[in-house]
2 protein chains.
Amino acid sequence: SSTSSHTHTGRRGFHFSSLRGTVQPELSKKLYRLIKSENNLISAHETAAKERVSIATQLSEWGEQTGDEAISDISDKVGVVLSELGEQEDNYAHALDDSRGTLKTIRNTEKSVQPSRDGKAKIADEIAKLKSKEPESTRLVVLEQELVRAEAENLVAEAQLTNITRQKLKEAYQAEFLATIERAEKQTMLARHGLRLLQLLDDTPVVPGDVRPQYQHAGQARQILNDAEDDLREWRPETGANVGDNATDVGGSTSSNATPVQSPRVNNGGGYSGSEGNGGGVSRIAGGGGQGLGQQVQGTTTASTTNAAPGVVV
Amino acid sequence: SSTSSHTHTGRRGFHFSSLRGTVQPELSKKLYRLIKSENNLISAHETAAKERVSIATQLSEWGEQTGDEAISDISDKVGVVLSELGEQEDNYAHALDDSRGTLKTIRNTEKSVQPSRDGKAKIADEIAKLKSKEPESTRLVVLEQELVRAEAENLVAEAQLTNITRQKLKEAYQAEFLATIERAEKQTMLARHGLRLLQLLDDTPVVPGDVRPQYQHAGQARQILNDAEDDLREWRPETGANVGDNATDVGGSTSSNATPVQSPRVNNGGGYSGSEGNGGGVSRIAGGGGQGLGQQVQGTTTASTTNAAPGVVV
């Protein structure tokens with residue numbers, strides 16, 4: 001809508017601006033909506049993660065039902081890889097959620113700066129009206145003192161806004177990009193091991209009545225899962241100069257290092273793999289961390305604006 | 001459910017197996033459900049892609065509204081990167097959809113093999129009953145001839161099932177893993193360029209009343225987007241020996257090479273960037289391709305089973 005912020009906040013009583021979204025001051029309206037969209041994005045990745053893990057278990061169980069030892073083993077272990085892909089997707093969703101929290105800091109600051117702008121504009125308005133109606137009014141002196149105070153207050157508010165906006169914008173999207181890289185690098189490793197597993201499945205066509213040669217790759221397949229587990233454990237975020245600041249430790253990166261790669265098959269009824277029946281125990285808690293830098297930045301900002309009185313015209 | 005497949009297909013009329021999901025023959029039930037879950041997975045990634053692109057535009061428009069030239073330029077260009085992340089997410093969803101189609105081939109074969117198993121079992125059943133009731137019946141000879149024919153037919157069906165299952169399972173998940181790698185590699189490149197963009201945003205706190213130095217990185221920011229565009233254009237899938245077969249060309253990989261990286265800001269009202277006002281024209285069509293191998297494999301299978309009469313006991 002093109003309603004000016006001043007008109008908007010000045011209205012009272014029954015009006016259309018009580019509909020959700022429009023109750024936000026004009027200044028924070030766009031970010032308010034963006035943050036809602038981020039929420040939808042996070043939900044979508046969470047759903048993808050959940051479906052991925054469900055598919056992993058289903059694939060494993062389907063493979064078992066085929067009664068084909070090779071398919072059963074490979075589908076179970078491909079299921080393990082898929083399940084871990086899902087876990088990484090879920091970690092990604094958690095990291096996006098942290099970043100969303102950072103954007104809220106900008107939105108809250110925008111929200112709090114709006115009354116300061118409005119207050120200043122209101123006093124200037126009053127002075128202009130009074131000057132044309134009662135140019136000799138003694139109230140003009142009081143109002144002009146009020147205006148100087150409002151301008152000083154607004155100058156601080158605007159400095160806070162630009163400082164918070166730049167710092168938090170940078171922080172939020174650095175975190176999103178780092179989480180994107182983490183998910184990508186981990187999922188690439190997993191997918192490569194998944195491809196190795198599929199190579200162990202002999203798909204040479206047989207003629208009716210022929211018996212396939214005995215499946216002999218269970219050991220190799222187990223080794224591939226071990227390799228995948230090692231790769232995940234050894235993964236570290238880059239700490240290159242091009243990343244900037246010390247925001248490299250995105251939430252969720254450390255928690256995934258401790259979880260072993262396990263079979264997604266809950267009912268491990270087959271007799272060919274006795275050592276992998278501990279599936280279904282996925283209980284990784286991602287998120288947390290990554291907010292320390294934000295706290296520090298905010299602290300710095302507050303301090304610098306408080307000590308900045310010399311710069312304010314009073 | 002634990003209902004045996006024989007009982008299940010033998011029933012007629014009003015029964016509980018008319019509820020969705022349970023109408024599938026037992027043999028294809030698990031894969032039927034897995035394919036449904038794959039559909040949910042695809043929808044989730046499509047939603048994530050859509051939200052990502054929407055957030056990109058919103059971020060750009062929010063940045064413009066701040067009136068801060070640096071934030072406006074960086075947010076617009078970070079928006080471009082986010083929008084392209086969303087496009088890659090959408091390409092991934094399309095590739096998963098192709099893979100889902102491949103899994104359907106297995107399910108359809110499972111479905112068609114069920115009657116063959118049931119038919120064989122039914123005749124064997126009849127013979128057993130007749131032998132105990134009328135061991136001298138002349139119908140026994142006819143039934144035993146029928147059984148041999150049913151067994152031959154089933155032998156072919158089972159060979160088709162194992163061939164299709166192994167080939168298509170391999171093909172479907174190779175495609176998913178390759179698509180995962182493609183999305184990961186492209187999104188990693190994009191995220192790194194996104195981090196470079198954020199480095200151009202000076203977030204040194206200012207004191208109230210201070211004016212920030214003039215933003216001078218528009219050229220560098222433009223160059224980063226050009227680099228991102230070049231990287232995407234030059235990306236190629238690996239063709240290493242470890243990938244196997246010739247399934248390396250996953251749908252969507254070629255189509256994205258032609259699209260330039262453009263501004264997501266539809267109303268480019270700002271005066272600081274005149275050359276990027278052609279946003280909103282994202283019209284990439286992903287998918288297609290990747291099925292040629294499947295056709296060929298299926299053809300091979302049919303031929304080999306048709307010529308396989310010598311192996312069948314008649």
Side-chain angles (χ1 to χ4, degrees), chain A residues 30-31 33-34 37-38 40-41 44-45 47-48 51-52 54-55 58-59 61-62 65-66 68 71 75 78 85 155-156 159 162-163 165-167 169-170 173-174 177 180-181 184-185 187-188 191 194-196 198-199 201 203 205-210 242-244 300-301 304-305 308 311-312, chain B residues 30-31 33-34 37-38 40-41 44-45 47-48 51-52 54-55 58-59 61-62 65-66 68 71 75 78 85 155-156 159 162-163 165-167 169-170 173-174 177 180-181 184-185 187-188 191 194-196 198-199 201 203 205-210 242-244 300-301 304-305 308 311-312:
Chain A
K30 283 187 197 297
L31 207 50
R33 286 190 191 135
L34 188 149
S37 294
E38 286 269 355
N40 298 340
L41 177 71
H45 284 294
T47 303
E51 294 293 339
R52 194 40 114 189
S54 159
I55 285 168
Q58 290 182 62
L59 182 69
E61 288 176 356
W62 165 82
Q65 174 212 253
T66 62
D68 178 325
I71 291 178
S75 71
V78 165
L85 282 179
L155 217 53
V156 174
T162 179
N163 288 343
T165 302
R166 288 185 176 221
Q167 287 160 352
L169 176 67
K170 217 165 155 172
Y173 284 100
Q174 262 172 353
F177 288 135
T180 302
I181 293 170
E185 290 182 346
Q187 290 191 342
T188 297
L195 288 170
R196 286 175 66 203
L198 291 170
Q199 286 300 98
L201 184 63
D203 63 347
V206 294
V207 295
D210 263 16
N242 62 333
V243 166
T300 310
T301 310
S304 69
T305 52
V312 183
Chain B
K30 283 189 197 298
L31 206 50
R33 286 191 190 132
L34 189 150
S37 295
E38 286 269 354
N40 298 340
L41 177 70
H45 284 293
T47 303
E51 294 293 340
R52 197 37 116 190
S54 161
I55 286 167
Q58 290 181 64
L59 182 69
E61 288 176 356
W62 165 81
Q65 175 212 253
T66 63
D68 178 325
I71 290 177
S75 71
V78 165
L85 282 179
L155 217 54
V156 174
T162 180
N163 288 343
T165 301
R166 288 186 176 220
Q167 287 161 351
L169 176 67
K170 216 165 156 173
Y173 284 100
Q174 263 173 352
F177 288 135
T180 301
I181 294 170
E185 290 182 347
Q187 289 192 342
T188 297
L195 288 170
R196 286 175 67 204
L198 291 169
Q199 285 301 98
L201 184 64
D203 63 347
V206 294
V207 296
D210 264 16
N242 63 333
V243 166
T300 309
T301 311
S304 70
T305 51
V312 182

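Labels below follow one simple rule: chain letters A, B, ... track the order of the sequence lines, proteins then strands, and each chain is numbered from 1. Because only heavy atoms are used, hydrogens play no part in the values below, and waters and symmetry mates are left out as well, while side chains stay in.
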Open item on the list: Nearest 0.5 angstrom please: B:Glu61 CD to A:Arg33 CZ, how far?
Closed with: 10.5 Å

- [ ] Compare all side-chain heavy atoms of A:Arg52 with those of B:His45 and state whether any distance is below 4.5 angstrom.
- [x] no

Open item on the list: Is B:Asn40 close to chain A through its backbone or its side chain, or both, or neither, when contacts mean heavy atoms under 4.5 Å?
Closed with: both

Open item on the list: I need the minimum non-hydrogen distance between A:Leu34 and B:Ile55, along with the two atoms involved.
Closed with: CD1-O, 4.0 Å

Task: A:Thr188 and B:Glu185: side chain donor to acceptor below 3.5 Å - done: no

Open item on the list: Measuring only between side-chain heavy atoms, which start at C-beta, is A:Tyr173 closer than 4.5 Å to B:Leu59?
Closed with: yes

Task: Top contributor to chain A contacts, counting heavy-atom pairs under 4.5 Å, from B:Gly194, B:Ser37, B:Ser54 - done: B:Ser37

Task: Exercise: identify the closest heavy-atom pair between B:Val207 and A:Ala159 - done: C-CB, 4.2 Å

Task: Pairwise distance NZ(B:Lys170) to CG(A:Asp203) - rounded to 0.5 angstrom - done: 4.0 Å

TODO: With side-chain hydrogen bond (donor to acceptor under 3.5 Å, both in side chains) as the test, would you mind laying out the steps for B:Gln187 and A:Gln187 before giving the verdict?
DONE: CA-CA 12 Å; B:Gln187 289 192 342; A:Gln187 290 191 342; over 6 Å; no

Task: B:Glu38 versus chain A, the contacting section by heavy-atom distance below 4.5 Å - done: both

TODO: List the atom of B:Ala48, the atom of A:Leu41, and the distance in Å for their closest heavy-atom pair.
DONE: O-CD1, 3.3 Å

Open item on the list: In the structure I gave you, are the side-chain heavy atoms of B:Ile71 and A:Leu169 within less than 4.5 Å of one another anywhere?
Closed with: yes

TODO: Identify the heavy atoms of B:Pro208 and A:Leu155 that sit nearest to each other, and give their distance.
DONE: CB-O, 3.7 Å

- [ ] Would you indicate whether the side-chain heavy atoms of B:Lys30 and A:Gln58 approach each other to under 4.5 Å?
- [x] no

Open item on the list: Quick check: do B:Pro205 and A:Arg166 have side-chain heavy atoms less than 4.5 Å from each other?
Closed with: no

Open item on the list: Please identify, among A:Thr66, A:Thr162, A:Thr47, A:Thr165, the residue contributing the most non-hydrogen atom pairs under 4.5 Å to chain B.
Closed with: A:Thr162

